2 protein chains.
Amino acid sequence: MYRIGELSALYDIKADTLRFYEKHGLLSPSSRSDSGYRLYNQADSERLKFILRAKAVGFSLNDIADLLSIEVDKSNRACADVKGLVDTKLEQVEAKLAELQHFATSLKSLSNTCCGGPDSAEHCSILEALESSDKHIIAKKEHHHFANLGHKD
Amino acid sequence: MYRIGELSALYDIKADTLRFYEKHGLLSPSSRSDSGYRLYNQADSERLKFILRAKAVGFSLNDIADLLSIEVDKSNRACADVKGLVDTKLEQVEAKLAELQHFATSLKSLSNTCCGGPDSAEHCSILEALESSDKHIIAKKEHHHFANLGHKD
DNA sequence: ATAAACCTTGGAGTTTAATCCAAGGTCAAG
DNA sequence: CTTGACCTTGGATTAAACTCCAAGGTTTAT
Ligand SMILES: [Zn+2]
Ligand SMILES: [Zn+2]
Ligand SMILES: [Zn+2]
Ligand SMILES: [Zn+2]
């Protein structure tokens, strides 16, 4: 059993955040001490881990609540409903994944065109690309200056 | 040249959003009409595209401003600075990508364990996994009910 | 038995990223 | 020369997700 401070330390979040999650129906401690302290068990902790992972990946707390709260009227829902919700989220994750890959590619190719040297960025290919068209971000150029000859311009 | 309404329509955002981006130094129209209307050129449009893509992928406007604003004191910066910034962002993107892949895997395996049938979700493997430990999310189970025999429980 | 470190509640404040509004100026069509 | 769609500004409001605060109760250790 963790008290709120222990659980929050475990995941490096604020105790306030846990109270906030509780108020918003995401995670309630499975019990309370005699004096009213929140007591979280292992399952609560795992649920928190799930919440934090979902959040880290771009789901809003509302999204996460959707996902977690089906459980509430469990008996009035079919497997199809539950699976549908998960599959919808999965589609969203995969869309995000695709965007992210696209963006990583852009950044990689931006990075590759730049020499990374110590001279003025006046003619830096990265800045050139950002200033004008981002076609340059995707186009593969050897270097912004003069074909990797350095900074003699 | 686009006026604010045209550019915002082009990217399906509000004109207000463009004014907001301008106020926060992300994108200024390259000129104004005699009467003060904002006029965006193709480069502005491409820059906006970059902003929106970065945003879509989870960068905050501050992150994006960092990336775009090096250009301001360009001459006092070295290629190394610029490339460093891009590489930092790239690391962040790749970290996010890894998390996202992890999460997609979890969701996929959650989805796979569930029959998706029309019967009550009372014993749905997805809910079971979410309720308790998320070890179940990752562990591969054939089905929550009885090894794909359906809903005779 | 008293201080330090924890916990409780309710409510206010913050940040980010818009989004809306009011009062008014501009422009093309009829 | 007026109507309607568009634009200007500044300022208010929103929503999400915390984050902090005040006033007080609890636990643990010396
Ligand atoms: Zn260089
Ligand atoms: Zn460079
Ligand atoms: Zn089922
Ligand atoms: Zn199921």
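Predicted, not measured: the structure shown is a model, and the values here were computed from it. Chain letters run A, B, ... following the sequence lines, proteins first and then strands; every chain starts at 1.
- Counting to the nearest Å, the C1' atom of dC27(C) and the CD1 atom of Ile4(B) are 17 Å from each other.
- For the pair Asp34(A) CG and dT8(C) C1', the computed distance is 15 Å after rounding to whole Å.
- Of the candidates dA18(C), dT8(D), dA17(D), the closest approach to any side-chain atom of Arg32(B) belongs to dT8(D).
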For this session: Using the salt bridge (Lys or Arg N to Asp or Glu O under 4.0 Å) rule, take Glu99(A) and Lys96(A) through it: C-alpha gap first, then chi angles, then the decisive distance, then the call.
Result: CA-CA 5 Å; Glu99(A) 279 179 317; Lys96(A) 217 169 245 276; 5.5 Å; no
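- Nucleotide dC7(C) holds its C1' atom 13 Å from the CG atom of Leu18(A), rounded to whole Å.
- Nearest to the side-chain atoms of Phe20(B) among the listed nucleotides dT19(D), dT8(C), dA17(C) stands dA17(C).
- A sub-4.0 Å separation between OP1 or OP2 of dC7(C) and a side-chain N or O of Arg38(A) is absent.
- For the pair Asp16(B) and Arg3(B), nearest-nucleotide mapping onto DNA chain C gives the more 5' position to Asp16(B).
- In this structure, Ile51(A) atom CD1 and dA17(D) atom P are separated by 12 Å, rounded to whole Å.
- Using a 4.0 Å cut-off, some side-chain N or O of Thr17(B) falls inside it from OP1 or OP2 of dT19(C).
- With dT8(C), dT19(C), dA17(C) as the candidates, the nucleotide lying closest to the side chain of Leu61(B) is dA17(C).
- If you check every strand for non-hydrogen atoms under 4.0 Å, Ser60(A) touches sugar and phosphate atoms only.
- DNA chain C is contacted by both Lys23(A) and Tyr21(B); Lys23(A) maps to the nucleotide lying nearer its 5′ end (nearest heavy atom per residue).
- In the hydrophobic cluster analysis, where Ile, Leu, Val, Met, Phe, Trp and Tyr join through side-chain heavy atoms closer than 4.5 angstrom, Phe20(B) is grouped together with Ile51(B).
- Contact between the side-chain N/O atoms of Ser35(B) and the OP1/OP2 oxygens of dC27(C) is found at a separation under 4.0 Å.
- One can place OH of Tyr2(A) at 18 Å from C1' of dC6(C), the figure rounded to the nearest angstrom.
- Between Ser45(B) and Tyr11(B), the side chains place a donor N or O and an acceptor N or O closer than 3.5 Å (distance only, hydrogens not considered).
- Between Asp44(B) and Arg47(B) no salt bridge is recorded (no basic side-chain N to carboxylate O distance below 4.0 Å).
- Straight-line distance from the CZ atom of Arg19(B) to the P atom of dT19(C): 13 Å, rounded to whole Å.
- As a whole-Å value, the separation of Leu7(B) CG from dC6(D) P is 15 Å.
- A sub-4.0 Å separation between OP1 or OP2 of dC20(C) and a side-chain N or O of Lys14(B) is present.
- Where Leu39(B) and Tyr37(A) meet DNA chain D, the nucleotide closest to each residue was compared, and Leu39(B) sits on the side nearer the 5' end.
- Under 4.0 Å is where a charged nitrogen must lie from a carboxylate oxygen, and between Lys49(A) and Glu46(A) at least one such pair does.
- Straight-line distance from the CG atom of Asp63(B) to the C1' atom of dT16(C): 12 Å, rounded to whole Å.
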